[in-house]
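Below is one structure, written out as structure tokens; the observations come after it.
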Amino acid sequence: MPMTKAEKQKAYRDRKKQQEGESYLEKERQRTKAYYVPIAERSKTDQEKRRKKVRKLVQKHRERNRQSTIEPSTSQPSQQVESTSQEQERAADFCFETPSLALNMGHNLVKTAEIKRGNAIRMLDDVLKKKVMTFDASFLGLDSNDICSCSCNTEIKQACHK
């Protein structure tokens, strides 16, 4: 099957890299830098086009990073792979249907407790202070970091499976 133009160009660049080495790469860097125009010197429409393009590239980059964090690479030491598999098993136990709801509920509970504590301090109400303190102790006993990390992991998995 004949090569496409892109394949021919890639093969040519690879040959040049092997033949000339670092000098070719330096020439390529200088050549591509010559095309760069600062965004402030572009027209408004060109600025918007460039920014849209950069946003898409950043979005793709972040998506690749998310997928690489979900799938552990094989080059990691066995100890880290074991810990990630344990974390995945643990996360599988705590999957949420709507993870953002868990995050919002936890955040709302903390905010409500802070408001109640502030009211208790302003009103000098010792009984209300004790109630708020016992709630804080029981809620913090749930380890909100686990809830947060599990719900975030669930969100990432759902985003990848769309």
Side-chain angles (χ1 to χ4, degrees), residues 1-115 136 139-162:
M1 185 165 189
M3 292 173 64
T4 65
K5 288 184 179 184
E7 290 171 338
K8 289 177 186 176
Q9 192 174 21
K10 185 176 183 334
Y12 171 76
R13 285 195 197 115
D14 289 340
R15 280 195 313 272
K16 290 290 268 184
K17 285 177 191 175
Q18 287 176 351
Q19 290 170 358
E20 296 181 26
E22 189 62 35
S23 65
Y24 172 72
L25 296 175
E26 184 60 36
K27 286 179 194 173
E28 278 294 302
R29 282 189 214 109
Q30 294 301 325
R31 186 181 66 78
T32 55
K33 279 184 184 179
Y35 295 131
Y36 179 75
V37 177
I39 198 160
E41 295 177 9
R42 296 177 181 221
S43 67
K44 293 287 183 187
T45 55
D46 286 344
Q47 287 178 1
E48 289 179 21
K49 286 179 187 176
R50 175 70 182 153
R51 287 180 178 137
K52 282 183 183 180
K53 183 179 176 184
V54 168
R55 277 189 216 112
K56 285 181 183 179
L57 292 172
V58 169
Q59 189 177 17
K60 285 181 184 178
H61 172 75
R62 288 180 179 160
E63 185 62 34
R64 280 193 305 266
N65 284 347
R66 279 190 210 113
Q67 288 184 1
S68 68
T69 58
I70 290 173
E71 302 166 2
S73 65
T74 56
S75 63
Q76 293 178 338
S78 61
Q79 182 181 9
Q80 290 178 350
V81 172
E82 288 174 11
S83 67
T84 55
S85 65
Q86 290 171 353
E87 289 171 6
Q88 288 173 349
E89 289 173 11
R90 190 167 157 227
D93 294 340
F94 299 106
C95 283
F96 297 102
E97 286 292 319
T98 53
S100 58
L101 178 65
L103 287 173
N104 287 339
M105 285 175 54
H107 177 72
N108 291 340
L109 288 171
V110 169
K111 279 296 199 187
T112 304
E114 288 174 358
I115 290 169
D136 279 349
F139 182 72
L140 293 176
L142 292 176
D143 197 7
S144 59
N145 289 334
D146 282 346
I147 294 171
C148 182
S149 65
C150 290
S151 58
C152 287
N153 287 339
T154 305
E155 281 183 331
I156 291 170
K157 286 178 186 175
Q158 288 176 352
C160 290
H161 294 296
K162 284 187 178 180

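Keep in mind that this is a model prediction, so the values were computed, not measured. Because only heavy atoms are used, hydrogens play no part in the values below, and waters and symmetry mates are left out as well, while side chains stay in.
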Looking only at side chains, do Glu63 and Gln59 share a donor and an acceptor under 3.5 Å apart?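 Side chains of Glu63 and Gln59: no pair found under 3.5 Å.
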
Salt bridge Asp14-Lys10, side-chain N to carboxylate O under 4.0 Å: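 Yes.
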
Tell me whether Glu26 is salt-bridged to Arg29, with the criterion being a basic N under 4.0 Å from an acidic carboxylate O.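 Salt bridge: yes.
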
Is the side chain of Glu41 donor-acceptor paired with the backbone N or O of Pro38 at a distance under 3.5 Å, no angle test?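 Side chain of Glu41 to backbone of Pro38, a donor-acceptor pair under 3.5 Å: no, none is there.
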
Using the rule given for side-chain contact (heavy atoms from CB on, under 4.5 Å), can you reason through Glu22 versus Leu25, listing the C-alpha separation, both sets of side-chain angles and the distance that settles it, and then say yes or no? CA-CA 5 Å; Glu22 189 62 35; Leu25 296 175; 4.0 Å; yes

Write down the atom of Arg42, the atom of Val37, and the distance for their closest heavy-atom approach.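 Minimum heavy-atom separation between Arg42 and Val37: NE-O, 3.2 Å.
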
Specify the closest pair of heavy atoms between Ile39 and Gln47, including all atoms of both residues, with the distance to one decimal.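 Minimum heavy-atom contact is O-NE2, 2.9 Å.
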
Hey, could you give me the [atom1]/[atom2] distance between [X] and [Y], rounded to the nearest 0.5 Å?
| X | Y | atom1 | atom2 | value |
| --- | --- | --- | --- | --- |
| Arg13 | Lys8 | CZ | NZ | 14.5 Å |
| Ser43 | Arg50 | OG | CZ | 13.5 Å |
| Arg15 | Tyr24 | CZ | OH | 10.5 Å |

By side-chain hydrogen bond (donor to acceptor under 3.5 Å, both in side chains), which residues pair with Lys16, not counting sequence neighbours?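 side-chain hydrogen bond (donor to acceptor under 3.5 Å, both in side chains) check on Lys16 returns Glu20.
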
Atom CZ of Arg62: over 12 foreign heavy atoms under 6.0 Å: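 For Arg62, atom CZ is not crowded (no more than 12 foreign heavy atoms under 6.0 Å).
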
